[in-house]
Novice: 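Before anything else, here's the structure in question.
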Protein chains: 2
Amino acid sequence: MASIKDVAAAAGVSVATVSRVLNAHPSVSADARSRVLAAVAALGYRPNAVARSLRTDQTHALGLVIGDVLNPYFTELARSVEEAARALGYSVIIGNADERPDLQDHHVRTLLDRRIDGLLVSPAPGDSPLLLDAARAGTPVVFVDRWIPGAEVPVVRADGRRAVRDLVAHLHLLGHRRLAIIAGPAGTTTGSERVTAFRDALAAYGLPLTDELVGHGDFQAASGRRVTEGFLDLPEPPDAVFAADNLMALGALDAIRARGLRMPDDIALAVFDDIPWFVHTDPPITAIAQPTGDLGRAAVRALVDRIEGRTAESVTLDARLVVRRSCGAPAPVLIPPTSPMRRSTPVQRSTP
Amino acid sequence: MASIKDVAAAAGVSVATVSRVLNAHPSVSADARSRVLAAVAALGYRPNAVARSLRTDQTHALGLVIGDVLNPYFTELARSVEEAARALGYSVIIGNADERPDLQDHHVRTLLDRRIDGLLVSPAPGDSPLLLDAARAGTPVVFVDRWIPGAEVPVVRADGRRAVRDLVAHLHLLGHRRLAIIAGPAGTTTGSERVTAFRDALAAYGLPLTDELVGHGDFQAASGRRVTEGFLDLPEPPDAVFAADNLMALGALDAIRARGLRMPDDIALAVFDDIPWFVHTDPPITAIAQPTGDLGRAAVRALVDRIEGRTAESVTLDARLVVRRSCGAPAPVLIPPTSPMRRSTPVQRSTP
DNA sequence: CTGAAAGCGCTTACAG
DNA sequence: CTGAAAGCGCTTACAG
């Protein structure tokens with residue numbers, strides 16, 4: 001592969017001059033510039049980004065560590081992140097933690113070794129000293145979706161509490177009284193927050209959320225199935241199940257189908273995270289939709305702000321309930337989104 | 001961040017010795033080794049992969065350019081690719097072409113600039129001189145799923161012809177005679193091959209595939225909807241529609257649902273690429289399943305063979321029909337997988 | 001406007 | 001076994 005030396009030789013100038021035209025430095029004569037450009041074209045020269053990064057100490061790459069690539073929520077997030085990053089001149093390297101802290105650390109380490117300019121993370125369950133150390137040591141880090149309390153790191157996320165209240169109101173109106181939740185790992189914020197939101201919303205109706213009605217999953221499909229089977233084996237199974245993410249809902253559907261039960265007559269189901277297929281399931285599934293694209297864009301903006309030396313702010317967007325038929329609504333109805341709530345707090349007080 | 005110099009100073013040795021213990025070079029005294037290790041631990045030193053890459057001319061990174069991250073088929077592929085690559089000591093950088101040749105080229109260029117050790121590509125429609133030039137110039141390249149004829153590049157893919165024949169037999173048995181296909185872009189092999197396979201299979205039953213029954217999509221959802229609406233507007237709409245990928249099937253479902261039609265009574269639907277949600281749609285959808293994980297693993301094996309100087313072979317695996325109820329089967333039936341066919345051809349004659 | 005030179009953080013023959 | 005030195009491909013003060 002041609003190097004800058006080859007270009008310099010072909011153009012009859014020094015490598016410094018080649019570098020200058022490549023980097024649009026003003027002080028280059030028109031003549032030199034055109035000879036360099038001609039040589040570049042003739043040789044099909046492309047600057048070696050590795051060498052450039054070593055010299056400039058920037059890679060123009062962002063790391064994105066997500067919980068699970070098989071989760072459509074995260075792929076939609078990844079897509080918007082890449083798009084926003086590209087618009088700002090950065091590329092993104094995705095690491096799939098597969099919901100495993102060890103795999104997450106593997107990716108964080110690899111990304112750090114490769115000297116990415118900044119890190120976007122949706123932390124897997126468990127604590128990650130590695131990640132926190134990196135942030136403390138000065139690597140620009142931003143949390144998306146999930147976050148680790150106490151870290152001096154901006155957080156970009158959706159607050160689902162209002163939507164969960166709307167969901168519980170919907171379930172209550174339809175006569176469901178015995179409500180269960182398939183929770184995510186307690187070691188993640190989304191794992192615990194969604195349970196808390198659900199419990200609080202139930203309390204407003206005087207409904208308790210007993211331990212037997214809180215199943216502990218890991219955000220992946222198999223756990224949703226296992227937990228749902230446990231619910232169905234209860235002496236008194238729940239009327240309605242709320243899955244804290246779409247993959248656990250997939251597992252729940254498997255379990256419900258395997259028992260020959262029918263939704264919503266035998267059991268109702270609602271899900272955190274809306275995906276395109278929920279319109280076409282049997283029955284269509286009531287879900288809480290996050291503004292995923294907006295989250296990705298806001299997260300990139302915050303991270304690039306940090307990278308480029310500006311202050312970054314935490315961002316909290318609103319989620320909303322999308323009513324379909326899986327809980328017993330008579331017909332597909334869309335609760336219109338309320339005026340989008342949007343709170344921003346400076347990073348110093350970034351614990352939302 | 002601590003550099004190798006800092007470690008050397010802390011350990012009281014030269015940077016050469018530090019480098020040797022880091023790279024497990026045999027000729028280092030036990031004493032030096034332990035002092036270096038202690039210094040590494042004390043400083044939390046991590047070698048700079050950028051500098052190492054510049055020096056060794058290898059990044060231990062693989063590029064993977066896929067058609068669309070929002071397509072569950074590609075994310076499953078990406079997952080198995082990353083897993084297999086990790087087991088061999090490589091990390092993978094995913095580029096999402098979003099089915100656009102220009103975006104594909106952007107990612108190929110970026111990956112090449114970053115000097116990835118090899119490239120796994122499922123080419124977007126249209127020809128990519130950039131990609132072909134890179135392969136010709138010696139960058140290890142392997143095609144997965146889709147490929148470009150005439151290139152001296154190994155191809156790892158599934159052959160769906162037998163499964164398509166099984167599908168047509170299934171449709172014919174159920175009485176469907178007017179069959180349509182939502183094709184992918186003609187500029188991709190999977191776009192054209194699936195139409196050919198379908199046409200050939202129909203011909204065996206004396207059924208023609210007229211132009212009005214071949215809709216041209218782009219493998220994304222919106223096109224599936226548009227094409228399906230066209231089919232439904234025909235004076236004589238088809239009895240059954242075969243979508244060449246799962247996202248176009250999603251669009252087809254949208255169109256069918258919007259007209260208030262019912263599957264399979266009003267119209268049958270079958271899809272290339274099986275995904276977990278197809279068990280739970282209304283009705284469950286008959287699909288052709290690829291051995292996606294195997295494809296990803298075989299592709300990595302082939303690419304790493306090339307990178308490490310061994311010869312790589314093209315691999316063709318078999319796809320299989322999974323019958324559900326969307327075409328009118330009375331009950332869920334699984335056609336047992338036949339003995340897995342597996343053909344391998346040396347790369348020299350890699351045009352499968 | 002231009003070039004020689006230093007240096008980014010590593011690895012690796014070479015000499016001892 | 002160990003270290004001094006060269007060099008990977010760039011960028012960027014510095015001097016002219």
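Numbers restart at 1 for each chain; the letters A, B, ... are given by sequence-line order, proteins then strands.
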Novice: Working to the nearest 0.5 angstrom, can you tell me the gap between S80(A) OG and L295(A) CG?
Specialist: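 It is 7.5 Å, given to the nearest 0.5 Å.
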Novice: Near DNA chain C, counting only heavy atoms under 4.0 Å, which residues of residues 1-14 of chain B show up?
Specialist: S3(B), I4(B), K5(B)
Novice: Of V28(B) and N23(A), whose nearest nucleotide on DNA chain D comes first from the 5' end?
Specialist: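 The answer here is V28(B).
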Novice: For nucleotides 13-16 of chain C, give me every protein contact, N/O to N/O, under 3.5 Å, one pair per line with atom names.
Specialist:
from	atom 1	to	atom 2	distance (Å)
dA13(C)	N6	R20(B)	NH2	3.2

Novice: Starting at CG of L54(A) and ending at P of dT11(C), how long is that distance when rounded to a whole Å?
Specialist: 12 Å
Novice: If the cut-off is 4.0 Å, is T17(A) near the phosphate of dG3(C), judged by side-chain N/O to OP1 or OP2?
Specialist: yes
Novice: Of the nucleotides dT2(D), dT11(C), dG9(D), which has the atom closest to the S27(B) side chain?
Specialist: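 Of dT2(D), dT11(C), dG9(D), dT2(D) is nearest to the side chain of S27(B).
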Novice: In whole angstrom, what separates H25(B)'s NE2 from dG3(D)'s C1'?
Specialist: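 These atoms are roughly 13 Å apart.
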Novice: Using the side chain to side chain donor-acceptor pair (under 3.5 Å) rule, collect all pairs that involve residues 20-29 of chain A, keeping only residues at least two apart or in two chains.
Specialist: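 The answer is S19(A)-N23(A), H25(A)-S27(A).
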Novice: Using a strict heavy-atom distance below 4.0 Å, which residues from residues 29-49 of chain A are in contact with DNA chain C?
Specialist: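 Contacts with DNA chain C under 4.0 Å: S29(A), A32(A).
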Novice: Under the criterion side-chain contact (heavy atoms from CB on, under 4.5 Å), I'd like the reasoning laid out for V153(B) against I148(B): C-alpha separation, chi angles, the key distance, then a yes or no.
Specialist: CA-CA 9 Å; V153(B) 168; I148(B) 298 178; over 6 Å; no
Novice: Are the side chain of T56(B) and the backbone of R52(B) linked by a donor-acceptor contact shorter than 3.5 Å?
Specialist: yes
Novice: Is there a side-chain contact (heavy atoms from CB on, under 4.5 Å) between D98(B) and R79(A)? Walk through the geometry before answering.
Specialist: CA-CA 9 Å; D98(B) 205 15; R79(A) 185 184 194 278; 2.5 Å; yes
Novice: Could you tell me the separation between the CG atom of D57(B) and the P atom of dC10(C), rounded to a whole number of Å?
Specialist: 18 Å
Novice: Output, in order, the C-alpha distance, side-chain angles, deciding distance and verdict of side-chain contact (heavy atoms from CB on, under 4.5 Å) for R46(A) and L112(B).
Specialist: CA-CA 9 Å; R46(A) 295 247 85 212; L112(B) 254 20; over 6 Å; no
Novice: Closest approach of L62(A) and I116(A), non-hydrogen atoms and distance?
Specialist: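 Result for this residue pair: C-CG2, 4.1 Å.
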Novice: Apply salt bridge (Lys or Arg N to Asp or Glu O under 4.0 Å) to E99(B) and R146(B), showing your working.
Specialist: CA-CA 12 Å; E99(B) 303 295 358; R146(B) 323 212 275 226; 2.5 Å; yes
Novice: Dot-bracket for DNA chain D, please. Rules: Watson-Crick or G-U, both distances under 3.5 Å, ( ) within the strand, [ ] when a pair crosses earlier ones, | for another strand, . otherwise.
Specialist: |||.||||||||.|||
Novice: Using side-chain contact (heavy atoms from CB on, under 4.5 Å), reason through E82(A) and S91(A) one step at a time and then give a plain yes or no.
Specialist: CA-CA 7 Å; E82(A) 193 276 332; S91(A) 46; 6.0 Å; no
Novice: Can you check the Q58(B) CD to dC8(D) P distance for me, whole Å?
Specialist: 16 Å
Novice: Between R55(A) (CZ) and dC10(D) (P), how many Å, whole number?
Specialist: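 One finds 13 Å between P of dC10(D) and CZ of R55(A), rounded.
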Novice: Kindly compute the distance separating CG (L22(B)) from OG1 (T17(B)), expressed to the nearest 0.5 Å.
Specialist: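 If we round to the nearest 0.5 Å, L22(B):CG and T17(B):OG1 are 11.5 Å apart.
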Novice: Could you please spell out the steps behind the salt bridge (Lys or Arg N to Asp or Glu O under 4.0 Å) verdict for D113(B) and R109(B)?
Specialist: CA-CA 6 Å; D113(B) 286 354; R109(B) 200 176 334 252; over 6 Å; no
Novice: For residues 120-134 of chain B, which side-chain N or O atoms pair as donor and acceptor with protein atoms under 3.5 Å away, sequence neighbours left out?
Specialist:
from	atom 1	to	atom 2	distance (Å)
S122(B)	OG	V144(B)	O	3.1
S128(B)	OG	D105(B)	OD1	2.8
S128(B)	OG	L131(B)	N	3.3
D133(B)	OD1	R136(B)	NH1	3.1

Novice: Output yes when a side-chain donor or acceptor of R35(A) lies under 3.5 Å from a complementary backbone atom of A11(A), and no otherwise.
Specialist: yes
